[in-house]
Amino acid sequence: MEPSLVSVIIPSFNRCHAVVRAVGTVLSQGYQEIECIVVDDASTDDTVEVLRALANDDQRLKVVQLERNAGQSAARNTGARLAKGHWICFLDSDDELLPGAIASRVAVYQEDPEFEGIAFGGNIVAGKQEVAFPGPIAKGGAITISDYLKGHGWLHTNAFMLPRELFWELEGFREDLRQKEDVEFFIRVLCRVNARYSGQACSRMYDLGGMRARNHHERIVQQEYRFVDAVCSNPEVVQQVEPRLLDLLVKRGVSTYLNALYRTSRYSEFRKAVRRGARKGEVELTSRWVKRYVLSYIRAFSN
């Protein structure tokens with residue numbers, strides 16, 4: 001198979017210096033048939049100006065600016081709509097691709113032209129030396145939806161690749177989700193296609209001041225139960241996922257929402273959500289939740 005164009009899409013919001021590093025790791029890949037599309041999510045810093053200056057020196061870099069902040073899912077989908085590559089992959093603006101990240105995943109398709117699923121590599125957390133996969137896996141090894149749900153560390157948005165046409169057949173990322181949108185996407189993908197391991201680490205993830213999605217409590221509160229509803233309303237998920245694993249997934253999603261309500265001092269809403277969750281079997285009334293339930297009254301009165 002001849003080398004084909006790969007589109008690397010980077011969503012970015014107010015990460016001027018970090019995204020320059022991310023772009024550099026894309027453009028320095030040994031696999032040369034690439035385009036790098038940065039979708040700026042209405043930043044208020046100098047991201048667009050700095051990147052457009054870089055794009056003047058390298059035509060492989062394209063910069064798109066959204067008029068309003070729409071979230072990572074919308075930015076990723078925007079980049080995918082503009083992509084010309086046969087395959088597409090993504091990179092968070094504060095992270096980096098490792099050498100061979102593109103070539104190793106492309107090789108999954110080159111070695112088996114009949115393969116039409118997703119190729120994935122490992123993601124390394126900054127400060128660590130190697131991928132912390134939930135279990136052993138060899139190059140070319142596959143994972144199932146059950147494998148993924150038993151240990152989310154198998155797949156990361158930085159480290160997967162798929163044909164552009166397949167991305168749209170799978171309907172892209174859900175733009176109404178601004179937290180756990182990657183989890184919902186991977187669940188949906190693995191219900192339909194296979195995933196094969198490229199055999200190496202593809203990305204390194206950094207944490208700039210705790211700004212990961214899991215720390216955006218306000219966004220989690222605004223999202224409410226949409227992640228849980230998206231998963232539970234998908235008939236493919238309900239049919240293919242073991243009831244025990246689906247139950248655990250729902251409980252994790254509801255737990256994330258409860259935690260965000262508590263941490264943002266929405267105590268009345270928190271208690272209401274705890275009662276709802278307990279009634280629907282979506283929350284186990286552990287000592288942690290009971291303690292927080294009681295403290296929510298005390299803190300509400302002390303404010």
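Everything numeric here is computed off the predicted structure, so don't read it as measured data.
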Does the side chain of [Y] come within less than 4.5 Å of [X]'s, by heavy atoms?
{"X": "Trp154", "Y": "Phe133", "answer": "yes"}
{"X": "Arg292", "Y": "Leu258", "answer": "no"}
{"X": "Arg178", "Y": "Gln222", "answer": "no"}
{"X": "Leu285", "Y": "Val274", "answer": "yes"}
{"X": "Arg275", "Y": "Tyr293", "answer": "yes"}
{"X": "Leu249", "Y": "Val241", "answer": "no"}
{"X": "Asp92", "Y": "Ile10", "answer": "no"}
{"X": "Phe115", "Y": "Asn194", "answer": "yes"}

Counting heavy atoms not belonging to [X], are there more than 12 under 6.0 Å from its [atom1]?
{"X": "Glu284", "atom1": "CD", "result": "no"}
{"X": "Gln129", "atom1": "CD", "result": "no"}
{"X": "Glu224", "atom1": "CD", "result": "yes"}

For [Y], is there any backbone N or O sitting under 3.5 Å from a side-chain donor or acceptor partner on [X]?
{"X": "Asp40", "Y": "Val48", "result": "no"}
{"X": "Thr25", "Y": "Leu97", "result": "yes"}
{"X": "Gln240", "Y": "Cys191", "result": "yes"}
{"X": "Ser43", "Y": "Asn14", "result": "yes"}
{"X": "Arg164", "Y": "Gly85", "result": "yes"}
{"X": "Glu181", "Y": "Gln72", "result": "no"}
{"X": "Gln29", "Y": "Ala101", "result": "yes"}
{"X": "Arg21", "Y": "Glu96", "result": "no"}

Decide whether [X] and [Y] meet the rule of one side-chain donor and one side-chain acceptor closer than 3.5 Å.
{"X": "Asn259", "Y": "Thr256", "answer": "no"}
{"X": "Thr286", "Y": "Arg288", "answer": "no"}
{"X": "Gln223", "Y": "Tyr257", "answer": "no"}
{"X": "Tyr262", "Y": "Arg299", "answer": "yes"}
{"X": "Glu35", "Y": "Ser7", "answer": "yes"}

Where do Arg192 and Glu116 land on the salt bridge (Lys or Arg N to Asp or Glu O under 4.0 Å) test, with the steps shown first? CA-CA 11 Å; Arg192 297 192 189 183; Glu116 296 182 347; over 6 Å; no
Quick check: is [Y] connected to [X] through a chain of hydrophobic side chains (ILVMFWY, heavy atoms under 4.5 Å apart)?
{"X": "Phe13", "Y": "Leu82", "result": "no"}
{"X": "Val106", "Y": "Val193", "result": "yes"}
{"X": "Phe90", "Y": "Val189", "result": "yes"}

Just verifying a value: how many Å separate [X] [atom1] and [Y] [atom2], rounded to the nearest 0.5 Å?
{"X": "Ile9", "Y": "Lys62", "atom1": "CD1", "atom2": "NZ", "value": "11.5 Å"}
{"X": "Lys84", "Y": "Leu5", "atom1": "NZ", "atom2": "CG", "value": "9.0 Å"}
{"X": "Phe167", "Y": "Met161", "atom1": "CZ", "atom2": "CE", "value": "13.5 Å"}
{"X": "Arg52", "Y": "Asp57", "atom1": "CZ", "atom2": "CG", "value": "15.0 Å"}
{"X": "Arg244", "Y": "Leu246", "atom1": "CZ", "atom2": "CG", "value": "11.5 Å"}
{"X": "Leu51", "Y": "Thr47", "atom1": "CG", "atom2": "OG1", "value": "6.0 Å"}

For [X] versus [Y], what's the shortest heavy-atom pair and its separation?
{"X": "Asn69", "Y": "Ala42", "answer": "N-CB, 3.5 Å"}
{"X": "Val131", "Y": "Asn123", "answer": "CG2-N, 3.9 Å"}
{"X": "Tyr109", "Y": "Ile118", "answer": "OH-CA, 3.5 Å"}
{"X": "Ala201", "Y": "Ile124", "answer": "CB-CD1, 3.7 Å"}
{"X": "Pro99", "Y": "Gln200", "answer": "O-NE2, 3.1 Å"}
{"X": "Val26", "Y": "Cys36", "answer": "CG1-CB, 3.8 Å"}

Can you confirm if the aromatic rings of [Y] and [X] lie within a centre distance of less than 6.0 Å?
{"X": "Phe120", "Y": "Phe186", "value": "no"}
{"X": "Phe160", "Y": "Phe185", "value": "yes"}
{"X": "His152", "Y": "Tyr148", "value": "yes"}

In terms of the angle between their ring planes, are Phe270 and Trp289 parallel, tilted or perpendicular, with boundaries placed at 30° and 60°? tilted
Practice problem: Please lay out, stage by stage, how Ser198 and Arg105 fare under the test side-chain contact (heavy atoms from CB on, under 4.5 Å). | Solution: CA-CA 5 Å; Ser198 68; Arg105 287 176 288 177; 4.0 Å; yes
Between Arg276 and Glu282, is a side-chain contact (heavy atoms from CB on, under 4.5 Å) present by the stated rule, with each step listed? CA-CA 8 Å; Arg276 173 193 184 274; Glu282 297 172 345; 2.9 Å; yes
Exercise for review: Give the C-alpha distance, both sets of side-chain angles, the deciding distance and a yes or no for side-chain contact (heavy atoms from CB on, under 4.5 Å) between Leu149 and Leu248.
Suggested key: CA-CA 9 Å; Leu149 291 176; Leu248 287 174; over 6 Å; no
| said: Checking Thr144 against Leu190 for the side-chain contact (heavy atoms from CB on, under 4.5 Å) test, could you report, in this order, the C-alpha distance in whole Å, the side-chain angles of both residues, the deciding distance, and whether it holds? | reply: CA-CA 6 Å; Thr144 65; Leu190 291 171; over 6 Å; no
Tested for salt bridge (Lys or Arg N to Asp or Glu O under 4.0 Å) against Arg15, the lone hit among Asp46, Asp41, Asp94, Asp95 is Asp94
